[in-house]
Protein chains: 2
Amino acid sequence: MSRLSTCISMMDEGIGRMGQIMPGMPGEEARLCRLLAMVGSHVLEELERKLKPHKLNHSEFLTLMILYSRPDGSSTPGELCEFTSQGATNMTRIANALTQRGLITRGASREDRRRVQIRITPAGRRFVQKMLPPMFPRLSAMYEGFTAADKRELGRLLRKLADNLDRLEPLPP
Amino acid sequence: MSRLSTCISMMDEGIGRMGQIMPGMPGEEARLCRLLAMVGSHVLEELERKLKPHKLNHSEFLTLMILYSRPDGSSTPGELCEFTSQGATNMTRIANALTQRGLITRGASREDRRRVQIRITPAGRRFVQKMLPPMFPRLSAMYEGFTAADKRELGRLLRKLADNLDRLEPLPP
DNA sequence: AACGCATATTTCACCAGTGAACGAAGTATG
DNA sequence: CATACTTCGTTCACTGGTGAAATATGCGTT
């Protein structure tokens, strides 16, 4: 695949030319959106690459991590959908896959018989504990040359943008 | 779907708890990656939402934009693959779709008969000129409250991260 | 000029994610 | 207490994207 910086300079030139043709275009904002999209998906691809050897995809990994991070190691499909930003359909498949591998269990909830209780198994915990640490070095390397202030600033700006996006959301028409 | 800031605080808590259990985890870096991924894909979703009424998906839109921004309005599948970060397989389908709608044409290249020359049509240009401007307001709104320095800084940090990602890339094993 | 090798695009089979519809369980209303 | 409405999870059919092989052209060597 092509280097990220190549795509970025292509994008820069393209938007530069567009700016001259299309008056009124918010060029800087468009640039930032493209950057966000490119870097964001590249980060995800990088993650998926590290997950492939474990035969996990991104959504399964995220689901497993949420369960792992829970003090009681359990949740429900609906909640997992919400926090992984996945549709219920997909969560069903994810839960199927993880159950099949013995990393989680699915059982009926006592309080509300509509709900399903999903719980990480001891094997699931061991799996996470084993696969996670090898990822740390590359994760750190990604931010090589970033000062503490840089990281803080990046976090601040991304959260600010996220707030704007939430506020913006309603656009069904 | 669930608000972005909800997912973010979930993620913050989750990584917070993880940091206590998993010693040596680069928590801040992990947080930034998750943020990048979430905000990036949210931006893409926002774009796709705006494209849906025009019956375009993200890749088709990007392809069309590249062609539009070219002085001569033309390119080749290979080049488009490179700059859209799409596989050749997909580019074939994209070109099929855009050709069918009369927005581009496909013809043999004169210099290298292996190559295919893709060119935006006048109808394609009109289409872009019509669909683009209505997107500007929301695009600007996304960065409401961002100072010029904020935008500059966000751009700088994303580009820096992109460079690191390129440098990092080789990890096939 | 004929052979093998490299490159560009397409075709095919498959995978992950999505929207619509369904059945089961709960909740509210007359 | 019966009927309608809601919520939760699953199933199914479809879309967008990917990897491996097929096809076609060009390039370099002998």
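Throughout, a chain's letter reflects where its sequence line sits, starting with A, and its residues are numbered from 1. Since we're looking at a predicted model, the values are computed, not measured. These values consider heavy atoms only, across backbone and side chains, with no hydrogens, waters or symmetry-generated copies.
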With a 4.0 Å cutoff (strictly under), does any side-chain N or O of [X] reach OP1 or OP2 of [N]?
{"X": "A/Asn57", "N": "C/dG17", "result": "yes"}
{"X": "B/Arg93", "N": "C/dT9", "result": "no"}
{"X": "A/Ser59", "N": "C/dG17", "result": "yes"}
{"X": "A/Arg106", "N": "D/dT10", "result": "yes"}

Could you check whether A/Asn90 gets within reach of a base, just the sugar-phosphate, or nothing at all, counting any heavy atom under 4.0 Å?
-> base
Earlier contact from the 5' end, DNA chain D, for B/Glu60 and A/Lys52 |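 That would be B/Glu60.
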Side chain of [X]: nearest nucleotide among [options]?
{"X": "B/Pro77", "options": "C/dG17, C/dT9, D/dT11", "answer": "C/dT9"}
{"X": "B/Gln86", "options": "C/dT10, D/dT18, D/dG9", "answer": "D/dT18"}
{"X": "A/Arg115", "options": "C/dA8, D/dC8, C/dT11", "answer": "D/dC8"}

Rounded to whole angstroms, how far apart are [atom1] on [X] and [atom2] on [N]?
{"X": "B/Phe61", "N": "D/dG17", "atom1": "CZ", "atom2": "C1'", "answer": "19 Å"}
{"X": "A/Asn96", "N": "D/dT10", "atom1": "CG", "atom2": "P", "answer": "7 Å"}
{"X": "A/Ile94", "N": "C/dC15", "atom1": "CD1", "atom2": "P", "answer": "16 Å"}
{"X": "B/Glu48", "N": "D/dG16", "atom1": "CD", "atom2": "P", "answer": "9 Å"}
{"X": "B/Leu44", "N": "D/dG17", "atom1": "CG", "atom2": "P", "answer": "11 Å"}
{"X": "A/Met91", "N": "C/dA16", "atom1": "CE", "atom2": "P", "answer": "14 Å"}

Less than 3.5 Å between a donor and an acceptor, one on the side chain of A/Thr89 and one on the base of D/dG9, is that the case here?
-> no
Establish, yes or no, whether the cationic atom of B/Arg17 lies under 6.0 Å from the six-membered ring centre of A/Tyr68 and within 45° of the ring axis.
->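 Geometry flag: not set, cation outside 6.0 Å or 45°.
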Give the intermediate values and the outcome of side-chain hydrogen bond (donor to acceptor under 3.5 Å, both in side chains) for residues A/Arg167 and A/Asn164.
-> CA-CA 5 Å; A/Arg167 201 165 301 124; A/Asn164 279 1; 3.3 Å; yes
Exam field: side chain A/Ser75 to backbone A/Ile118, donor-acceptor pair closer than 3.5 Å = no
Under 3.5 Å, is there a donor-acceptor pair between the side chain of B/Arg119 and the main chain of B/Thr105?
-> no
May I ask you to check whether over 12 heavy atoms, not counting those of A/Glu144, lie within 6.0 Å of atom CD?
-> no
